[in-house]
Protein chains: 2
Amino acid sequence: MRIGELADAVGVSTQAVRYYEREQLMPAPTRGGNGYRAYDDQDVARVGFIRTAQSAGLTLVQIRSILDLRDRGVIPCDHVSDLIDDRLAEVRHRMAELAALEQELVQLRDRSERLNPADCSDGDICHIIASQPQPAISE
Amino acid sequence: MRIGELADAVGVSTQAVRYYEREQLMPAPTRGGNGYRAYDDQDVARVGFIRTAQSAGLTLVQIRSILDLRDRGVIPCDHVSDLIDDRLAEVRHRMAELAALEQELVQLRDRSERLNPADCSDGDICHIIASQPQPAISE
DNA sequence: CTAGACCTTCTACCCGACTTCAAGGTCAAG
DNA sequence: CTTGACCTTGAAGTCGGGTAGAAGGTCTAG
């Protein structure tokens, strides 16, 4: 199987597959006489695993750490479990931040409905966004 | 007021202030005889405005568009109102994505508790993350 | 025999909001 | 008169996950 076929099978670009190889998520494949990379079903499964793990929000570095364990013969489940817990905590933290930001934006929108643009002075720049007590920037 | 004093007054770095100048959020300031930038209270307010707007999740490009209106003598309130609405929609969209991701992670965690690592085969890489029906990657 | 659809490598670019580095000039205190 | 805390400029690096382009080799159908 050539790189384009692998890519099509999983639904990624050929450049992405080469990128995974450069980043050592994929092993250096065997080459045909013409220098073309040759892949098999295991490689399809591996790229599929990478994409599934990405869809759970794991980074390529984290995914590589899973693959490295497996390649060294270690069952990676406990590690995967930890990564999932970490990611879940991050997602929840982020959701809380976004909820706070949403509240702030709702307040700003309310303000914009209450205030009259005619009252907006030069020095304020815009009185909707006037220096309020200022939440941290967390983006 | 020199750049360091301005920066301290608002709580940003001097590099950030120069960056805002390069990106045309801040006007080119007058210079002292030594070439040092000289700022006044209006500049403090302007950097403060930038930070407040950033804390509402507006990008520097969006903030510049607000400042540009004000500098051309146009009251920017209507535009600000639109930007706030846009941002609010984005934040809510992102929250929905994260809620979906959270559900997926919770399911993966449940799976990891149900499955026995001893049953995890080489071909799966890790059976917790086995190619499930795959949600799109939206990060 | 040639078009064009593959493949190869390498390098550079993208997003945003800075930070860091390098190499120098200026100024007040002790 | 020196130390060190400020200031100046410009270029380059950071993060992640790729994409884009150039310049070339290979293979297959018509």
Side-chain angles (χ1 to χ4, degrees), chain A residues 1-26 28-39 43 47 49-67 83 86-87 90-91 94 101 136-139, chain B residues 1-26 28-39 43 47 49-67 83 86-87 90-91 94 101 136-139:
Chain A
M1 193 186 294
R2 286 174 309 175
I3 193 168
E5 295 169 308
L6 168 64
D8 287 349
V10 188
V12 302
S13 67
T14 56
Q15 295 98 319
V17 175
R18 288 193 201 97
Y19 175 70
Y20 296 154
E21 184 182 331
R22 266 207 307 289
E23 296 297 310
Q24 312 193 44
L25 285 101
M26 295 298 288
T30 55
R31 302 286 180 133
N34 49 16
Y36 289 11
R37 291 170 175 81
Y39 295 101
D43 296 308
V47 176
F49 179 87
I50 293 170
R51 299 304 282 189
T52 306
Q54 271 192 299
S55 78
L58 300 187
T59 65
L60 294 187
V61 169
Q62 290 174 323
I63 297 168
R64 184 173 55 198
S65 73
I66 299 170
L67 294 168
L83 290 176
D86 289 353
R87 183 64 186 146
E90 278 172 27
V91 166
R94 185 76 186 120
L101 184 53
I137 297 168
S138 60
E139 314 248 336
Chain B
M1 193 186 295
R2 287 173 308 175
I3 194 169
E5 294 168 310
L6 169 63
D8 287 350
V10 188
V12 302
S13 69
T14 56
Q15 295 98 321
V17 175
R18 289 193 201 97
Y19 175 70
Y20 295 154
E21 184 182 331
R22 265 205 309 287
E23 296 297 310
Q24 311 193 44
L25 285 102
M26 295 298 288
T30 55
R31 301 286 180 132
N34 49 18
Y36 289 12
R37 291 170 176 82
Y39 295 101
D43 295 309
V47 177
F49 179 87
I50 293 169
R51 298 304 282 191
T52 306
Q54 272 191 299
S55 78
L58 300 187
T59 66
L60 294 186
V61 170
Q62 290 174 323
I63 298 169
R64 185 173 57 198
S65 74
I66 300 170
L67 294 167
L83 290 176
D86 290 353
R87 183 64 186 146
E90 278 172 25
V91 166
R94 185 77 186 119
L101 184 53
I137 296 170
S138 61
E139 316 245 339

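Every chain is numbered from 1 and lettered A, B, ... according to where its sequence line falls, protein lines coming before strand lines.
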[X] side chain near [N] phosphate (N/O to OP1/OP2, under 4.0 Å):
X: Arg22(A); N: dG16(D); answer: no
X: Arg31(B); N: dG25(C); answer: no
X: Ser13(A); N: dG18(D); answer: no
X: Gln54(A); N: dG18(D); answer: yes
X: Tyr20(B); N: dC18(C); answer: yes

In whole Å, what is the span from the [atom1] atom of [X] to the [atom2] atom of [N]?
X: Met26(B); N: dC18(C); atom1: CE; atom2: C1'; value: 16 Å
X: Gln24(B); N: dC18(C); atom1: CD; atom2: P; value: 16 Å
X: Met1(B); N: dC7(D); atom1: CE; atom2: P; value: 12 Å
X: Gln15(A); N: dT9(C); atom1: CD; atom2: P; value: 13 Å
X: Arg51(A); N: dG16(D); atom1: CZ; atom2: C1'; value: 13 Å
X: Gln62(A); N: dC15(D); atom1: CD; atom2: C1'; value: 14 Å
X: Arg64(B); N: dC18(C); atom1: CZ; atom2: P; value: 13 Å
X: Tyr39(A); N: dT8(C); atom1: OH; atom2: P; value: 7 Å

note = DNA chain C nearest-nucleotide lookup for Ile3(A) and Asn34(B): closer to the 5′ end is Ile3(A)

ask   = Toward the 5' end of DNA chain C, which comes first, Ile50(B) or Arg37(A), by nearest nucleotide?
value = Arg37(A)

message = As an exercise, state the distance from CG of Leu67(B) to OH of Tyr20(B), rounded to the nearest 0.5 Å.
response = 11.0 Å

inquiry  = Reading DNA chain D from 5' onward, which residue's closest nucleotide shows up sooner: Gly4(B) or Thr59(A)?
reply    = Gly4(B)

request  = Name the residue closer to the 5' end of DNA chain D, choosing between Gly33(A) and Leu58(A) according to the nucleotide with the nearest heavy atom.
outcome  = Leu58(A)

query = Is it true that a side-chain atom of Arg64(B) and a backbone atom of Glu23(B) form a donor plus acceptor pair closer than 3.5 Å?
reply = yes

ask   = Which nucleotide in the set dC18(C), dC7(D), dC7(C) lies at the smallest distance from any side-chain heavy atom of Thr14(B)?
value = dC7(D)

remark   = Of the listed dG25(C), dT19(C), dA17(C), the closest approach to the Leu60(B) side chain comes from dA17(C)

remark   = The side-chain contact (heavy atoms from CB on, under 4.5 Å) partner of Arg37(A) among Glu21(A), Met1(A), Met26(A), Arg2(A) is Glu21(A)

task = Mind checking Arg2(A) for me? I need base, sugar-phosphate or nothing, with any heavy atom below 4.0 Å counting as a touch.
result = sugar-phosphate

inquiry  = Quick check: closest heavy atoms across Gly57(A) and Leu101(B), and the distance to 0.1 Å?
reply    = N-CD1, 4.2 Å

request  = Might you work through the side chain to side chain donor-acceptor pair (under 3.5 Å) test for Arg18(A) and Gln15(A), ending with a clear yes or no?
outcome  = CA-CA 5 Å; Arg18(A) 288 193 201 97; Gln15(A) 295 98 319; 5.4 Å; no

request  = May I ask you to verify whether the side chain of Tyr19(B) and the base of dG16(C) hold a donor-acceptor pair under 3.5 Å?
outcome  = no

task = Check whether any side-chain heavy atom of Pro29(B) lies under 4.5 Å from a side-chain heavy atom of Ile3(B), and answer yes or no.
result = no

